[in-house]
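In what follows, chains are A, B, ... by sequence order, proteins preceding strands, each numbered from 1.
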2 protein chains.
Amino acid sequence: MRPKNLEAEKAIRSIALRIIAEEGLENLTMQKLAKEVNISPRTIYLKYENKEDLLIKLFIDEVLGAYEKAVLTGFDEEMSFSEGMQKLWTNTFQYLKNNRHAFMLLQHGKTSPLLNKAYQKANIKQGQFFSPVHRFLMQNIDRGIIKKFPLDVSRALLFSPVFDLVNEYFDYQEREHQIITEAVLTDCCSVVIKGILNK
Amino acid sequence: MRPKNLEAEKAIRSIALRIIAEEGLENLTMQKLAKEVNISPRTIYLKYENKEDLLIKLFIDEVLGAYEKAVLTGFDEEMSFSEGMQKLWTNTFQYLKNNRHAFMLLQHGKTSPLLNKAYQKANIKQGQFFSPVHRFLMQNIDRGIIKKFPLDVSRALLFSPVFDLVNEYFDYQEREHQIITEAVLTDCCSVVIKGILNK
DNA sequence: GTTATAAGTAAATAAACATTTACTTATAAA
DNA sequence: TTTATAAGTAAATGTTTATTTACTTATAAC
């Protein structure tokens with residue numbers, strides 16, 4: 001039996017991510033993908049059931065998984081609130097800034113009905129993704145360190161600015177004039193922390 | 001000369017928004033749109049040059065314009081920082097919550113290369129959209145009332161959570177269990193304000 | 001070596017797409 | 001009324017799409 005070409009599978013995934021990031025999800029076609037990977041369209045179907053299957057696997061395995069791992073590196077839910085938040089912010093920003101393709105696909109997760117389904121699935125099974133962060137927040141609420149809000153609300157208050165800042169990082173990169181420096185990021189995180197602390 | 005059917009033009013726009021919001025930008029086709037409006041595909045081309053033209057006009061006229069108007073209603077850049085922020089948050093949340101289709105298209109503006117172009121155009125010509133808000137922020141920075149950051153960074157810190165909360169509002173709406181109440185929103189705005197105030 | 005078999009390919013297929021062609025209709029102005 | 005004309009339509013066009021069909025190839029096991 002002829003062995004699988006594992007290189008090809010990796011190439012399919014990374015080139016698919018590149019096309020989605022640079023030309024948009026709407027411009028990812030199976031034939032364009034095959035051509036750029038230098039394989040026959042049929043070969044994609046040997047590895048993925050169909051386009052939907054490819055996108056969902058791309059999203060779950062390649063993006064959500066790697067992203068979570070990067071964000072949680074060096075993070076410990078028993079850290080002080082400020083220290084933990086700074087770690088999470090730094091990790092998030094560093095990973096996304098260095099993985100624009102993954103960041104773009106995460107963004108698509110909010111608007112594409114297809115990816116949104118995959119995203120919800122992964123997130124609704126609570127604790128599957130980012131459970132250490134969930135516990136970290138609940139713990140700090142229980143101990144009265146930060147203001148009490150529903151978990152999703154706390155998440156929005158504490159982390160949505162960092163995503164927006166990554167977006168701006170890329171915008172400014174295109175205009176070759178960077179304002180989102182590490183110092184700015186640290187200051188922003190402090191602002192967010194100050195707002196939610198009790199007293 | 002036969003007069004234009006102005007109803008049809010309105011219907012094209014509102015049904016296009018509905019399809020994009022409910023089925024995604026990738027599922028908006030000219031033939032589906034024509035069928036749902038009950039007109040011939042050709043008629044769309046009497047009013048718009050092509051699909052790109054339709055999308056950009058939809059985005060600029062229907063969404064960005066109406067959205068800006070709603071957000072600025074009753075807002076005055078000479079308000080106190082806290083009062084102004086609460087007004088902007090309330091207006092933003094109320095408008096987006098009642099105009100899900102517009103909200104969804106705004107989200108697509110971040111991921112679709114096509115709409116992104118339109119979005120950048122509208123925003124780069126600074127002052128064209130939301131200039132009262134820009135002046136409001138700069139003024140409060142100059143007066144030392146809030147911490148000094150580049151304008152885009154301040155915007156991210158102060159307003160990205162409210163978008164995320166709208167997203168969550170709709171998520172919870174689908175699960176028929178609303179947690180994003182007006183009281184929660186007001187509290188969230190206070191958290192954000194507290195964070196950025198000097199002292 | 002031979003061979004069975006999964007991995008791979010090139011080219012075809014049918015459906016869906018944006019846009020046009022060739023025609024019809026409603027009405028403002030004469 | 002008549003009529004010129006822009007507004008409208010139904011159906012076609014050529015292209016692009018996801019997916020398949022019918023074939024070829026590489027290699028593990030014998």
Side-chain angles (χ1 to χ4, degrees), chain A residues 1-59 62 105 108 111-118, chain B residues 1-59 62 105 108 111-118:
Chain A
M1 181 176 91
R2 185 174 174 177
K4 272 197 187 187
N5 180 355
L6 295 172
E7 301 281 309
E9 176 135 20
K10 273 187 196 169
I12 290 172
R13 293 189 178 210
S14 85
I15 289 178
L17 279 176
R18 213 212 57 224
I19 293 174
I20 293 170
E22 288 173 6
E23 305 174 39
L25 185 54
E26 54 206 285
N27 287 308
L28 177 76
T29 74
M30 301 303 256
Q31 312 194 81
K32 177 187 270 181
L33 178 56
K35 197 168 190 182
E36 298 211 15
V37 181
N38 247 310
I39 54 175
S40 154
R42 185 70 177 84
T43 304
I44 302 174
Y45 287 90
L46 295 175
K47 296 161 198 298
Y48 302 95
E49 222 177 297
N50 50 36
K51 194 177 177 182
E52 175 168 343
D53 184 44
L54 166 64
L55 284 173
I56 287 181
K57 284 189 174 138
L58 212 55
F59 191 64
E62 214 71 12
L105 192 57
H108 278 286
T111 50
S112 156
L114 199 73
L115 292 180
N116 204 343
K117 236 184 264 174
Chain B
M1 180 175 91
R2 187 173 171 177
K4 273 196 186 185
N5 182 354
L6 295 173
E7 301 282 308
E9 176 135 21
K10 275 188 195 169
I12 290 173
R13 294 189 176 210
S14 86
I15 289 177
L17 279 177
R18 211 212 59 227
I19 293 174
I20 293 170
E22 289 173 7
E23 305 174 40
L25 186 53
E26 54 206 283
N27 288 308
L28 177 76
T29 73
M30 299 303 256
Q31 309 193 84
K32 178 188 270 182
L33 178 56
K35 197 169 188 178
E36 297 210 16
V37 181
N38 246 311
I39 54 174
S40 154
R42 186 69 178 84
T43 303
I44 302 174
Y45 288 89
L46 296 174
K47 297 163 198 298
Y48 303 95
E49 222 177 296
N50 49 37
K51 194 177 177 182
E52 175 170 341
D53 184 43
L54 166 65
L55 284 174
I56 288 182
K57 286 192 172 135
L58 213 55
F59 191 64
E62 214 73 11
L105 192 57
H108 277 285
T111 49
S112 156
L114 198 73
L115 291 180
N116 205 341
K117 235 183 265 174

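L25(B) is not listed as a side-chain neighbour of T111(A), based on a closest heavy-atom distance of 4.5 Å or more. Looking at heavy atoms from C-beta onward, I39(B) lies out of side-chain contact with N5(B) at the 4.5 angstrom threshold. The closest side-chain heavy-atom distance from L58(B) to L17(B) is below 4.5 Å. Residues L28(A) and K32(A) fail the side-chain proximity criterion, which asks for heavy atoms closer than 4.5 Å. Contact of the L54(B) side chain with the L33(B) side chain is registered, since non-hydrogen atoms from C-beta on lie closer than 4.5 Å. Inter-residue side-chain proximity for E22(B) and P113(A) is flagged as unmet; no heavy-atom pair is nearer than 4.5 Å. At a threshold of 4.5 Å between non-hydrogen side-chain atoms, the residues T43(A) and K47(A) count as touching.
First and last contacts of DNA chain C with chain B, using any nucleotide atom under 4.0 Å from a protein heavy atom and ordered 5' to 3', fall at dC17(C) to dA28(C).
In plain terms, the two heavy atoms of H108(A) and I20(A) that are nearest each other are CD2-CG2, 3.6 Å.
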> Step by step, would you call V37(B) with I44(B) a side-chain contact (heavy atoms from CB on, under 4.5 Å)?
Replying inline: CA-CA 10 Å; V37(B) 181; I44(B) 302 174; over 6 Å; no
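For the pair K57(A) (side chain) and R13(A) (backbone), a donor-acceptor distance under 3.5 Å is absent.
Within residues 39-59 of chain B, the residues that have a heavy atom under 4.0 Å from DNA chain D are, in order of number, I39(B), S40(B), R42(B), T43(B), L46(B), K47(B). Remark: L28(A), T29(A), M30(A), Q31(A) in residues 8-32 of chain A come within less than 4.0 Å of DNA chain D through at least one heavy atom.
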